[in-house]
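Structure first, then comments.
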Amino acid sequence: MSVTTEALFAPLTIATAPEASRPALEKVQKSLGFIPNLMAIFANNPTVLEGYLALGAVFEKGSFTPREKQIILLAASLENNCNYCAAAHSAIAKGVLHTPSEVIEAVHNNTPVPDGKLNALVSLVRELVRERGYAKDKTIQKFLAAGYSKEQVMELLLGIALKTISNYLDHISPTPLDHVFAGKSN
């Protein structure tokens, strides 16, 4: 397997982005207080930026808790070997959502998460990503037994799709880590 080490796309600013990307970047800037480099790279293609942000907004409306959503995105990013997204979701889970360090470390180290419900969630996400959408009945049954619904199995796919897009973009055009996320990989 050949790995891309040079960035195919440069991060853009509101001033340098295509006209159609500017409103979305302005909204990101207003919401977060900065434009993450990944969004600045997505800005190279207004359609992809809009699609990614729309899928993210739909995923945010879902039934998982904010912590669970970040754990889903973190587990998928780690399974897809995306350092940028793993650092970003670790920082959000820890800094904003106050997720215990032991939980983040377990997800990073591929060891059992000390919270049984989150462990079932992480196990299913990892298996779905690793096996390209296939999961053993046993893994799904553990997820359901932990208190999740069968409809949430489908909802996981939104988070996995979201991370597949951003993780793959980072693979073909490595994203410089934002100072906000630096040193936050676990």
- Message: Test of understanding: with side-chain hydrogen bond (donor to acceptor under 3.5 Å, both in side chains), list the residues that count as partners of N119, not counting sequence neighbours.
- Response: none
- By salt bridge (Lys or Arg N to Asp or Glu O under 4.0 Å), E79 pairs with (sequence neighbours left out) R126, R130
- Query: Which residues satisfy the side-chain hydrogen bond (donor to acceptor under 3.5 Å, both in side chains) test with T65, sequence neighbours excluded?
  - Reply: E68
- Query: Does the side chain to side chain contact (heavy atoms under 4.5 Å, CB included) test come out yes or no for S123 and K142, once each step is laid out?
  - Reply: CA-CA 9 Å; S123 296; K142 283 183 180 180; over 6 Å; no
- Distance in Å, N45 CG paired with L169 CG, rounded so as to fall on 0.5 Å steps: 10.0 Å
- Partners meeting side-chain hydrogen bond (donor to acceptor under 3.5 Å, both in side chains) with S21 (sequence neighbours left out): none
- Between F64 and I71, is any pair of side-chain heavy atoms under 4.5 Å apart? no
- Got a sec, which residues hit salt bridge (Lys or Arg N to Asp or Glu O under 4.0 Å) with R67, two or more places apart in sequence or on another chain? none
- Item | Qualifying residues under side chain to side chain contact (heavy atoms under 4.5 Å, CB included), relative to N81, sequence neighbours excluded | none
- Task: Find out whether P11 and P176 are in side-chain contact, i.e. whether some heavy atom of one side chain is under 4.5 Å from a heavy atom of the other.
- Result: yes
- Item | Residue pairs, two or more places apart or on separate chains, that pass salt bridge (charged side-chain N to carboxylate O under 4.0 Å, His left out) and touch residues 31-51 | none
- Query: V96: which other cluster members, linking ILVMFWY side chains closer than 4.5 Å, directly or transitively?
  - Reply: I92, L97
- Message: Quick check for you: to the nearest 0.5 Å, what is the distance between S77 atom OG and Q70 atom CD?
- Response: 9.5 Å
- Query: Apart from L12 itself, what residues make up its hydrophobic cluster, given side-chain heavy atom links below 4.5 Å?
  - Reply: none
- Task: List in chain and number order the residues that pass salt bridge (Lys or Arg N to Asp or Glu O under 4.0 Å) with E19, two or more places apart in sequence or in another chain; answer none if no residue qualifies.
- Result: R22
- Set of residues satisfying ring pair (Phe, Tyr, Trp, His ring centres under 6.0 Å) with respect to F9, sequence neighbours excluded: none
- Task: Using side-chain contact (heavy atoms from CB on, under 4.5 Å) as the criterion, point out the one residue from D178, D170, V180 that pairs with N37.
- Result: D178
- Residues forming a ring pair (Phe, Tyr, Trp, His ring centres under 6.0 Å) with Y52, sequence neighbours excluded: F42
